[in-house]
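Throughout, protein chains are lettered first and strands after them, A, B, ... in sequence-line order, and every chain is numbered starting at 1. When reading the values below, keep in mind they use all heavy atoms of this one structure, side chains included, and skip hydrogens, waters and symmetry mates.
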Number of protein chains: 2
Amino acid sequence: MSGNAARSGVSVVSRAMAVLTTFDQDHARLTLTEIARRADLPLATAHRLVGELARAGALTRAEGGEYVVGRTLWDVGLLAPVQVDLREVAAPFLQDLYGATLATVHLAVRERLRALYVDRLVGNRSVPVVSRVGSRLPLHSTGVGKVLLAHAPADVREQALLSLEQVTPFTVTQPARLQRQLTRVLTDGFATTSEEMSLGACSVAVPVADRRGDVVAALGIVVASLRRDQGRLVSALTVAAKGIGRSLA
Amino acid sequence: MSGNAARSGVSVVSRAMAVLTTFDQDHARLTLTEIARRADLPLATAHRLVGELARAGALTRAEGGEYVVGRTLWDVGLLAPVQVDLREVAAPFLQDLYGATLATVHLAVRERLRALYVDRLVGNRSVPVVSRVGSRLPLHSTGVGKVLLAHAPADVREQALLSLEQVTPFTVTQPARLQRQLTRVLTDGFATTSEEMSLGACSVAVPVADRRGDVVAALGIVVASLRRDQGRLVSALTVAAKGIGRSLA
DNA sequence: AGCCTCCTTCCACTGGCCGGAATCCTAGTG
DNA sequence: CACTAGGATTCCGGCCAGTGGAAGGAGGCT
């Protein structure tokens, strides 16, 4: 009658991973109870798993008793080959771009219906932004997202147009209007946003094409206003994007 | 007689973590057999664990059949609070420093008897270096290491002086000589190396002190030669380090 | 073919995992 | 101070998931 009632049949490993993936950018520190709830595990089970993960260094206990991702996982995670060639090649160009504009610089690739930010540079006097390395943001409300979407296969574009979340009052949510913008992105060679992702932040972005001409990433910068020198920014971005493309294998 | 002979008594979780920690900077892609050997697990056991980890997204199978760290772990690992305040505060200063010098810029903290590189900027025309974010390099053969060691507690210094690995022909391996250098680091306010970590690379580094005056990190740059403008580099580094220190909470 | 290395599958045994329940903490409340 | 509420921790018997030696592919090289 007592003891283990319904062993759910999933492996320990997948449960442990479920615990780990309860952490995300908005939930970087969690209590045991939250972990159990989010991973859908009995409290006692979560307690044991979390304890073992902590002992192994995968999790660490913060001051308040909450759990955070541990240093060991940081080490291991850094080894993941997530766009490493692209990032290594692009890094110097991002730095030059930052030096020339002093604006926040973004490098993103498309991951299904999201823009995955693989690298980022933020300055002292830059406009505050929500993105971080590893962030996944909507394709329709960011500069890099629009570029990636404009160059995406037709089926991806169609699916993306089906659900346009209203992030700020200025987010473009009408499919027809966004479609027109995407067409212009292809002809103009760059995309812009005006407070469509976060208030007070505008952005410009250009595609990064490899030697075969395929768009593999988008390069963008975030500024307070585009009124002034949009032309100069587009030029700087284009030069950097070309440089990255040429350096890709 | 058959079946499971000696269940070693360790949990599945710790075994899974043992598998994950077989990966390091010099072994970013491993075959199943290598994993089993390095984690000291029977092949069949390693095979099952690796399979489950791969199914959970913690590992990915590369083209050649080797395993690499998966995207899921990259996501989770990025959430680890490893010097996040320091890194966020320092990032803009590193970028300015790169802009002013076009040299590779390093930010490192001390982790026991190693220098842990928490951030890094590498340019197009920079001297090639071995460090990456997450690298742990010796304290006695790197610029940032010497700074961190000079400001470390006495017991740490003593212990570090006991084993000075000869990395290149120019590495300082005599304890007395290194001790004299460390004393100078304290009076001069900066440390230098000349091809002591890798041939063809020299470095300058300065301490980053928080508001209480405690040295919490070291900031360094790597150049081909120090002959020319060591003074200018030290100045730029000092300014940046002061700025970081002032911005720390 | 023969040999070698690495990968995959099989299967009987058993000890580590499971999780409801009880207990221990805090912190907040009347 | 007693009481409550929410979370964290410990307990413990039952049982199945994990274990790993062995055997069987799959290539590659001589």
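- Between the CZ atom of B/R55 and the P atom of C/dT8 there is a distance of 12 Å, given to the nearest Å.
- Taking all atoms of both residues into account, the shortest heavy-atom contact from A/L78 to B/V133 is CD1-O, 3.5 Å.
- A salt bridge links B/R38 and B/D24; the closest N-O separation between the charged side-chain nitrogens and carboxylate oxygens is under 4.0 Å.
- Checked against C/dG19, D/dG20, D/dG7, the side chain of B/A44 finds its nearest nucleotide in D/dG20.
- Nucleotide C/dC6 holds its P atom 12 Å from the CD atom of B/E66, rounded to whole Å.
- Summarising the geometry, the separation between CD1 on B/I35 and P on C/dT8 is reported as 11 Å, rounded to the nearest angstrom.
- We find that CZ of B/R15 is positioned 5 Å from P of D/dG20, with the value rounded to whole Å.
- Note on B/H47: a side-chain N or O is less than 4.0 Å away from OP1 or OP2 of C/dT8.
- Rounding to whole angstrom units, CG of residue A/L59 and P of D/dA8 are separated by 14 Å.
- Both B/R48 and A/Y67 sit near DNA chain D, but only A/Y67 has its closest nucleotide nearer the 5' end.
- Residue B/T45 has no polar side-chain atom (N or O) positioned under 4.0 Å from OP1 or OP2 of D/dT19.
- Both A/R61 and A/V13 lie near DNA chain D, and the one whose nearest nucleotide falls closer to the 5' end is A/R61.
- What separates CG of A/L41 from P of D/dA8 is a distance of 14 Å, to the nearest Å.
- In this structure, CG of B/L43 is placed 10 Å from P of D/dG21, rounded to the nearest angstrom.
- Atom pair B/L49:CG and C/dT8:C1' shows a separation of 15 Å (rounding to whole Å applied).
- In this structure, B/T31 does not reach the C/dC6 phosphate: none of its side-chain N or O atoms is under 4.0 Å from OP1 or OP2.
- Ionic pairing of B/K146 and B/E196 is present here: one or more N-O contacts between side-chain nitrogen and carboxylate oxygen are shorter than 4.0 angstrom.
- Of the candidates C/dG19, C/dT8, D/dT19, the closest approach to any side-chain atom of B/L32 belongs to C/dT8.
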Next item on the list: Apply side-chain contact (heavy atoms from CB on, under 4.5 Å) to A/V216 and A/V109, showing your working.
Entry: CA-CA 7 Å; A/V216 294; A/V109 299; over 6 Å; no
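- Taking a cutoff of 4.0 Å between a charged side-chain nitrogen and a carboxylate oxygen, A/E111 and A/R136 qualify as a salt bridge.
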